[in-house]
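Below is one structure, written out as structure tokens; comments come after it.
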Amino acid sequence: MVKFDCIVQEGCVDEALRPQLATALENVCLEVLGADAGPAEFSWVVVKKGFGFRGGAPSQTSLVCGRIPDGCDRDTRERLLKNMADEWCRLTGATAHDLVISARDESWAG
Amino acid sequence: MPVYRCVIPEGSLTYDQRAEIATAFTDVHCGLSAAPRNFVQVVFLEATAGFELPDTHGSGTIKADTPYFVAGGNRGGRPPELKAKILAGLLDRFSAIAGVPADQVSGRISEAPASWTMEAGKVLPEPGEEPAEWYEHTAVSG
């Protein structure tokens, strides 16, 4: 199973854009991880204005934290993150500096 | 990374308090680790005690079992004592700035390998292996 929790700052990723963005990101997952990884789910949490900070200053950064099937090698994981980040930035207009994206193993306990 | 999500009761903290806590968390984290300041993310989520939020660096959910709760997500690879010291520092500063008793604030930090995260278009290095250019740009980009 592939699942990503997207924590976005209010006003940075329009609600109407999210389905298109999710589809684009899922396509990347399918392309890089293969169909066996299964469909991808995306959940959204919006951080209200004045409630998000980076280095102590107001933030525009989106935090996209995902879980993917175990066994992904380093190069594949990096390609997944890079391609997802590229799609995110292309569709939202954000810069790479405004995105933190991760994909941990499904069984990783933390 | 790091990412600190603070669960707080609705309307409980002013903007100035939130900003002060975010700066204090940055001070604590960077004072005890090698992370550059503009990598420290702090967000506040308004919810009631008992709220469950996904563990962004582990599996399952984390239950906020006190009215104020700090859910951290860090790079793995640091000694457990350092992780405990960071968390203690965060909770201490949170309690002081928010003006709430220490027993009303709790938290936990989950960790995941650095290479599983990309920030600013680059895979993160392991703790202690940060290249010099990490520290060349101290300005916060947003």
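Atom set for the values below is all heavy atoms of this structure, side chains included, hydrogens, waters and symmetry mates excluded. To find a chain, count down the sequence lines: A is the first, B the second, and so on, and within it residues start at 1.
With contacts defined as side-chain heavy-atom distances shorter than 4.5 Å, the pair A:Ile7/B:Arg5 qualifies. Using a 4.5 Å heavy-atom cutoff, the side chains of A:Val45 and B:Leu45 are in contact. The shortest side-chain heavy-atom distance between A:Phe53 and B:Arg18 falls under the 4.5 Å cut-off.
Remark: B:Glu119 CD to A:Leu63 CG distance equals 8.5 Å, nearest 0.5 Å. In this structure, NE2 in B:His57 is found 5.5 Å from SG in A:Cys65, a value given to the nearest 0.5 Å. Between atom CD of residue A:Glu78 and atom NZ of residue B:Lys122 there is a gap of 11.5 Å, rounded to the nearest 0.5 Å. To the nearest 0.5 angstrom, A:Arg104 atom CZ is 14.0 Å from B:Ser115 atom OG.
B:Phe44 and B:Val40 end up in the same hydrophobic cluster when Ile, Leu, Val, Met, Phe, Trp and Tyr side chains are linked at under 4.5 Å. Criterion: ILVMFWY side-chain heavy atoms under 4.5 Å apart, direct or through other members. Under it, A:Met84 and A:Met1 are not part of a common hydrophobic cluster. B:Val3 and A:Val8 are not part of a single hydrophobic cluster, where members link through side-chain heavy atoms under 4.5 Å apart. Hydrophobic cluster membership differs between A:Phe42 and B:Val43, with clusters built from Ile, Leu, Val, Met, Phe, Trp and Tyr side chains linked at under 4.5 angstrom. The hydrophobic clustering, which links ILVMFWY residues whose side-chain heavy atoms are closer than 4.5 Å, places A:Trp44 and A:Val28 together.
Aromatic ring orientation, B:Trp116 versus A:Trp108: perpendicular (interplanar angle above 60°, classes split at 30° and 60°).
Heavy-atom distances place the backbone of A:Leu99, and not its side chain, under 4.5 Å from chain B. For B:Glu20, no part lies near chain A; criterion is any non-hydrogen pair under 4.5 Å. Only the side chain of B:Thr26 comes within contact range of chain A, judged by heavy atoms closer than 4.5 Å. For A:Ile68, no part lies near chain B; criterion is any non-hydrogen pair under 4.5 Å. Only the side chain of A:Lys48 comes within less than 4.5 Å of a heavy atom in chain B; its backbone stays farther off. Residue A:Arg74 touches chain B through its side chain alone, counting heavy-atom pairs closer than 4.5 Å. Contact annotation for A:Asp105: both backbone and side-chain heavy atoms come within less than 4.5 Å of a heavy atom of chain B.
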Yes or no on side-chain contact (heavy atoms from CB on, under 4.5 Å) for B:Thr117 and A:Ile101, after CA distance, side-chain angles and deciding distance? CA-CA 6 Å; B:Thr117 297; A:Ile101 184 166; over 6 Å; no
CA sep, side-chain torsions, deciding dist, call: B:Gln41, A:Val100, side-chain contact (heavy atoms from CB on, under 4.5 Å):
CA-CA 10 Å; B:Gln41 316 277 348; A:Val100 179; 3.9 Å; yes
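Pairing each heavy atom of B:Asp55 with each of A:Ala109, the nearest pair is OD2-O, 4.3 Å. Across all non-hydrogen atoms, the minimal contact from B:Pro54 to A:Asp5 is CB-OD2, 3.5 Å.
Ranked by heavy-atom pairs under 4.5 Å with chain A, the first of B:Cys30, B:Cys6, B:Ala19 is B:Ala19. The candidate with the highest count of non-hydrogen atom pairs below 4.5 Å against chain B, out of A:Lys3, A:Arg67, A:Gln9, is A:Arg67. For the set B:Thr23, B:Val42, B:Val123, the count of heavy-atom pairs under 4.5 angstrom toward chain A peaks at B:Val42. Ranked by heavy-atom pairs shorter than 4.5 Å toward chain B, the options A:Thr95, A:Val47, A:Val64 are led by A:Val47.
In terms of modelled atom types and a separation under 3.5 Å, the side chain of A:Arg54 and the main chain of B:Asn38 share a donor-acceptor contact.
The 12-atom threshold is not exceeded at CG of A:Asp36, counting heavy atoms of other residues, nucleotides or ligands nearer than 6.0 Å.
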